[in-house]
Undergrad: 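Encoded as structure tokens, here's the structure I'll be asking about.
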Amino acid sequence: LLVVDRPDVKRLVKELLALPRDKEILANSVSQQQLRVIIKPLLEKHFDLGMFVIAPDGINIAAMQDTNLGQENFFSHYHDYLENMLKGEPQLVLPMRLYVTPSGLADRPAQGDPTMFIGVPVKDNDGSVIAVFTIQINPSFDFTRIVQLAGTGQTGDSYTFDKTAN
């Protein structure tokens, strides 16, 4: 069961969607605090860096840091990741440079370090996509390990590509 499939998480996302896209209102909402309590242990367990819940209008309605709330998520203008997630397609976002230094989580990378995202749709009970949930992962813990496990063959090099050979 994915965290986005949990009834309590779906309820909290719906409550956040109903709020004005105002940083202070979102930050001070009980729903925001409850969602963070649910998500933080999962992030810590996997050494992940953070999360965003993105409304269909592209605005961050939930995040681990208040800084990002009520702002347009950068995925709104970064390739077609958000569009695909809103269509119901999970996405693995290619490595990029970290633009916000995560706070409140020990041993985290600094601004400018590489990061990746995994995004999945949040679906209502009828199967319609109501929001997008993204986890910010540290490639040195997750992606690098996957590449290492893949083996290096005779050359000692490993390469990863997306479906467009990027």
Side-chain angles (χ1 to χ4, degrees), residues 1-23 26-27 29 31-32 34-100 102 105 108-109 113-139 141-147 160-166:
L1 182 68
L2 295 174
V3 71
V4 297
D5 293 330
R6 290 176 43 168
D8 56 341
V9 171
K10 286 184 184 190
R11 177 184 52 79
L12 294 169
V13 169
K14 288 179 187 178
E15 291 171 4
L16 290 165
L17 283 165
L19 294 175
R21 305 294 194 259
D22 178 82
K23 178 181 177 177
L26 290 165
S29 75
S31 302
Q32 185 79 231
Q34 290 176 348
L35 187 59
R36 288 175 177 173
V37 167
I38 292 168
I39 300 301
K40 187 174 181 181
L42 301 173
L43 296 177
E44 290 175 340
K45 178 180 178 183
H46 299 286
F47 299 100
D48 294 324
L49 304 174
M51 68 90 181
F52 294 105
V53 176
I54 310 164
D57 60 7
I59 303 298
N60 295 320
I61 58 169
M64 295 307 290
Q65 299 180 38
D66 292 348
T67 307
N68 302 303
L69 296 174
Q71 295 181 356
E72 187 174 44
N73 188 281
F74 64 92
F75 285 128
S76 295
H77 304 288
Y78 189 73
H79 300 286
D80 55 358
Y81 292 116
L82 182 60
E83 180 182 333
N84 290 338
M85 288 183 271
L86 287 169
K87 289 179 184 175
E89 301 170 17
Q91 300 286 293
L92 174 65
V93 178
L94 297 172
M96 64 179 72
R97 294 283 171 207
L98 193 64
Y99 74 101
V100 173
L105 299 171
R108 299 301 188 220
D113 285 350
T115 191
M116 292 175 69
F117 288 86
I118 297 172
V120 295
V122 180
K123 296 182 179 180
D124 206 349
N125 294 333
D126 65 2
S128 61
V129 177
I130 59 171
V132 168
F133 181 87
T134 64
I135 295 286
Q136 185 177 4
I137 64 173
N138 184 340
F141 286 105
D142 295 308
F143 189 68
T144 303
R145 176 133 170 80
I146 292 168
V147 172
T160 59
F161 301 93
D162 68 7
K163 64 183 176 187
T164 61
N166 287 322

Undergrad: Taking Thr134 as the fixed residue, which of Ile54, Ile118, Val93, Val53 is the one that meets the side chain to side chain contact (heavy atoms under 4.5 Å, CB included) rule?
TA: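 Going through Ile54, Ile118, Val93, Val53 one by one, the side chain to side chain contact (heavy atoms under 4.5 Å, CB included) with Thr134 is satisfied by Ile54 alone.
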
Undergrad: How far apart are the closest heavy atoms of Val120 and Pro90, and which atoms are they?
TA: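 Heavy-atom minimum between the residues: CG1-CB, 4.1 Å.
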
Undergrad: Sequence neighbours left out, what passes salt bridge (charged side-chain N to carboxylate O under 4.0 Å, His left out) with Lys14? Give chain and number order.
TA: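 Lys14 satisfies salt bridge (charged side-chain N to carboxylate O under 4.0 Å, His left out) with Asp124 once adjacent residues are dropped.
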
Undergrad: Determine the minimum heavy-atom distance between Ala55 and Leu17, stating which atoms define it.
TA: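 Scanning both residues, the minimum pair turns out to be CB-CD2, 3.7 Å.
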
Undergrad: Does Asp48 reach the main-chain N or O of Ile135 with its side chain, forming a donor-acceptor pair under 3.5 Å?
TA: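 Absent.
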
Undergrad: Show your working on side-chain contact (heavy atoms from CB on, under 4.5 Å) between Phe117 and Tyr81 and close with a plain yes or no.
TA: CA-CA 10 Å; Phe117 288 86; Tyr81 292 116; over 6 Å; no

Undergrad: Evaluate the side-chain contact (heavy atoms from CB on, under 4.5 Å) criterion for residues Gln34 and Val37: first the C-alpha distance (whole Å), next the side-chain angles of each, then the deciding distance (0.1 Å), finally the verdict.
TA: CA-CA 5 Å; Gln34 290 176 348; Val37 167; 5.6 Å; no

Undergrad: Measure the spacing between CE of Met116 and CG of Leu49 and express it to the nearest 0.5 Å.
TA: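 Met116 atom CE to Leu49 atom CG measures 11.5 Å (nearest 0.5 Å).
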
Undergrad: According to the salt bridge (charged side-chain N to carboxylate O under 4.0 Å, His left out) rule, which pairs have a member within residues 55-66, sequence neighbours left out?
TA: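 Passing the test, one end in residues 55-66: Arg21-Asp57, Arg36-Asp66.
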
Undergrad: Excluding sequence neighbours, so at least two apart, what forms salt bridge (charged side-chain N to carboxylate O under 4.0 Å, His left out) with Glu72?
TA: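 Listed in chain order: nothing, the list is empty.
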
Undergrad: For a quick test of reading the model, state the closest non-hydrogen atom pair linking Val4 to Pro121 and the distance between them.
TA: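 Heavy atoms only, the tightest pair is CG2-O, 3.8 Å.
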
Undergrad: To the nearest 0.5 Å, tell me how far Ile39 CD1 sits from Leu43 CG.
TA: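 Answer for the CD1-CG pair, Ile39 versus Leu43, is 6.5 Å.
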
Undergrad: Rounded to the nearest 0.5 Å, what separation is found between the OG1 atom of Thr67 and the CG atom of Asn60?
TA: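 Answer for the OG1-CG pair, Thr67 versus Asn60, is 11.0 Å.
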
Undergrad: Can you tell me how far apart CE (Met64) and CD (Gln32) are? Round to the nearest 0.5 Å.
TA: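 It is 9.0 Å, given to the nearest 0.5 Å.
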
Undergrad: One pair to check against side-chain contact (heavy atoms from CB on, under 4.5 Å): Lys10 and Ile130. What are the steps and the verdict?
TA: CA-CA 9 Å; Lys10 286 184 184 190; Ile130 59 171; 5.5 Å; no

Undergrad: Just verifying a value: how many Å separate Asp80 CG and Met85 CE, rounded to the nearest 0.5 Å?
TA: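 These two atoms lie 9.5 Å from each other.
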
Undergrad: Return the CG to CG distance between Leu16 and Leu35, rounded to the nearest 0.5 Å.
TA: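 One gets 6.5 Å once the value is rounded to the nearest 0.5 Å.
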
Undergrad: So Ile61 and Leu19, side-chain contact (heavy atoms from CB on, under 4.5 Å) or not? Walk me through it.
TA: CA-CA 9 Å; Ile61 58 169; Leu19 294 175; over 6 Å; no

